[in-house]
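For clarity, every value in this text was computed on a predicted model and none was experimentally measured.
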Amino acid sequence: MKNKFVIIGAGSTHTPGILAVLAQRAEELKLGELCLHDIDEGRVYHMGEFNRIYMEEHCPQIKTSWTTNLREALEGANYVFVQIRPGRNEQRSLDEHTCYKHGLIGQETCGLGGFSFALRTIPAILDIVKTALEVCPDAWILNYSNPEAMVSEAVYRTYPEAKMLCICDMPISQEETIAEYLKIPHNELTFKYFGLNHFGWYTNIYNKEGKDLLPEIRKDVLEGKLTEFCESGDGGKTDDYWTKTFNNVIKGFRAYPDYLPLCYLQYYYFHDEMLEQFDHNFTRADYVLSTREITVYDECKRVIEAGSAKDSYLVSGVHGNYIVDIASSIINDKRERYIINVMNNGAIGNFNHDAVVEVPCYVGAHGIEPVSVGYIPQFHKSLMEAQKGYEKLAVEACLEGSKEKAMQAILLNKTVPSYRVGKALFDDLLEINKPYWNKKFYE
Ligand code: G6P
Ligand code: MN
């Protein structure tokens, strides 16, 4: 039997990278049909036509289609990739500028940029999952949509029956950077890790002989031998922002040399320095809008006009590989190990069992089996508890349209110094999110 894959939010500029991997690995995925869905007709037309031309030339046995109709897309689906961004990068930019106006970082997943984005994304994702449960209840749903920490908390609690995995390419991108530094192939290393999405730590990095290499990396960092990662392991993460962000892993490890932090902890360990480091007038979203958002669509249009994608620059970076690797591990029952967001259920012994955490899991046809991480130290546990409190209250604020819970969530976020700052920013976020947030906020 052949599989039908669907990409929801196919208007994303990350889609071509996923298409390239799907084409390369069609046989292994038993891929028979691929449907692209987006609510934006112009974007799904361009990406859909690009896909049709690309697949005709690279993998003609795949039946392709595109649509703005969700039910039609999900009909007969076996694997659904979700990567939506309500309000697109334009709204992401607005979040960042609004947070900067109040002197805070407004990154799309960390700080109150993430809060703003979560309250837009969660209702849309819940609607997609609800529809999928009606139309294709046996399909596996792999979600990339951000902010993954809060999206996963909302989905797993609302639809525990959904076969859904909430994933992120960040841990693996960082692992590949570390593997490159160690000059050891990534697949020969075993990474032990725990945390929340965009908020975690590596505790051990074992080589094939079972030797933990983390102490060596720590030594190199503390002795000043490792001050910069030479090159990012992910071909797609080569700009200045990612170079600085990955290098902040070293800075974070030097500051707290017990476990090696995930790069996005930079926003919490070094919030004030991050504010100094980034240009407040030209944010990350502004950069994405003026680069990838233009070049990817220009390329789609060029291919459509030429009627051929043979010389297209499509690349398959970590982002595309990772989601396809997980799908393949399910399809072929490979039981490979990936870092995934799951209900804790005891994986971290001394952390709320009824909370989503990010831990290594074995992935096979039957689903996932989280690795038991054991007990975690006080420092990480306390940071995670405050962050988890923020995430849970943000989800409740979103679902209930509750300003009280929103303000509680906001005070728990480590980037927010006080009620006064948090309230002023929240009032502005309410304004800019009127078309997206729960209507109850505005009654
Ligand atoms: C990493 C994160 C993703 C996020 C992306 C943003 O890959 O894991 O969750 O979407 O960064 O990248 P961008 O280039 O849009 O800033
Ligand atoms: Mn991520």
Side-chain angles (χ1 to χ4, degrees), residues 25 28 167-195 199-235 237 246-263 265 316-318 321-326 328-330 332-342 346-351 357-366 368-377 379-381:
R25 299 172 60 178
E28 162 197 350
I167 59 171
C168 167
D169 65 327
M170 171 83 74
I172 195 141
S173 290
Q174 194 168 315
E175 287 172 17
E176 296 205 337
T177 305
I178 294 167
E180 215 166 284
Y181 173 73
L182 293 170
K183 299 194 174 60
I184 298 175
H186 176 258
N187 62 7
E188 289 183 12
L189 294 166
T190 300
F191 290 83
K192 285 195 88 175
Y193 171 96
F194 72 82
F199 200 95
W201 296 266
Y202 295 93
T203 60
N204 312 81
I205 303 173
Y206 294 106
N207 69 9
K208 274 202 306 193
E209 286 72 44
K211 182 173 179 218
D212 185 5
L213 304 177
L214 195 77
E216 284 173 24
I217 301 178
R218 180 186 296 116
K219 195 160 161 276
D220 289 354
V221 167
L222 294 178
E223 287 176 359
K225 278 192 215 140
L226 169 53
T227 52
E228 242 175 40
F229 281 125
C230 13
E231 202 185 307
S232 155
D234 181 354
K237 287 187 168 44
F246 278 123
N247 284 337
N248 278 335
V249 169
I250 300 169
K251 184 170 163 173
F253 197 26
R254 199 180 313 119
Y256 297 97
D258 36 19
Y259 296 154
L260 193 141
L262 199 71
C263 59
L265 279 162
S316 44
V318 166
N321 277 321
Y322 186 60
I323 194 164
V324 173
D325 279 342
I326 292 179
S328 174
S329 201
I330 298 172
N332 299 298
D333 196 23
K334 290 184 185 163
R335 299 158 203 224
E336 287 171 343
R337 180 180 164 120
Y338 296 104
I339 289 175
I340 296 179
N341 292 279
V342 286
I348 303 176
N350 55 343
F351 194 70
V357 295
E358 195 169 69
V359 290
C361 298
Y362 287 92
V363 184
H366 62 292
I368 57 169
E369 276 173 296
V371 166
S372 164
V373 175
Y375 278 50
I376 58 173
F379 172 57
H380 311 86
K381 179 171 178 277

Could you give the distance from [atom1] ([X]) to [atom2] ([Y]), rounded to the nearest 0.5 Å?
| X | Y | atom1 | atom2 | value |
| --- | --- | --- | --- | --- |
| L182 | T177 | CG | OG1 | 11.0 Å |
| I326 | C361 | CD1 | SG | 9.0 Å |
| L265 | K251 | CG | NZ | 13.5 Å |
| D212 | I205 | CG | CD1 | 7.5 Å |
| I376 | F194 | CD1 | CZ | 4.5 Å |
| F253 | L226 | CZ | CG | 9.0 Å |

Answer yes or no: does atom OH of Y256 have more than 12 heavy-atom neighbours from other residues, nucleotides or ligands under 6.0 Å? no

Looking at R254, I want to see if its CZ is surrounded by more than 12 non-hydrogen atoms of other residues, nucleotides or ligands under 6.0 Å.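 Counting other residues, nucleotides and ligands, CZ of R254 exceeds 12 neighbours.
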
Is there side-chain contact between V359 and V342, with heavy atoms separated by less than 4.5 Å? yes

Charged N to carboxylate O under 4.0 angstrom, D220 versus R218? no

Salt bridge flag under 4.0 Å for residues K211 and E209: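 Salt bridge flag = no for E209 with K211.
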
Look only at the side chain of [X] and the backbone of [Y], and say whether a donor-acceptor pair between them is shorter than 3.5 Å.
| X | Y | result |
| --- | --- | --- |
| E175 | H186 | no |
| E358 | Y193 | no |
| N207 | E188 | no |

What do the steps show when you test V363 against E336 for side chain to side chain contact (heavy atoms under 4.5 Å, CB included), and what is the final call? CA-CA 5 Å; V363 184; E336 287 171 343; 5.7 Å; no

Which of parallel (below 30°), tilted (30 to 60°) and perpendicular (above 60°) describes F191 and Y202?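 Perpendicular: the ring planes of F191 and Y202 meet at over 60°.
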
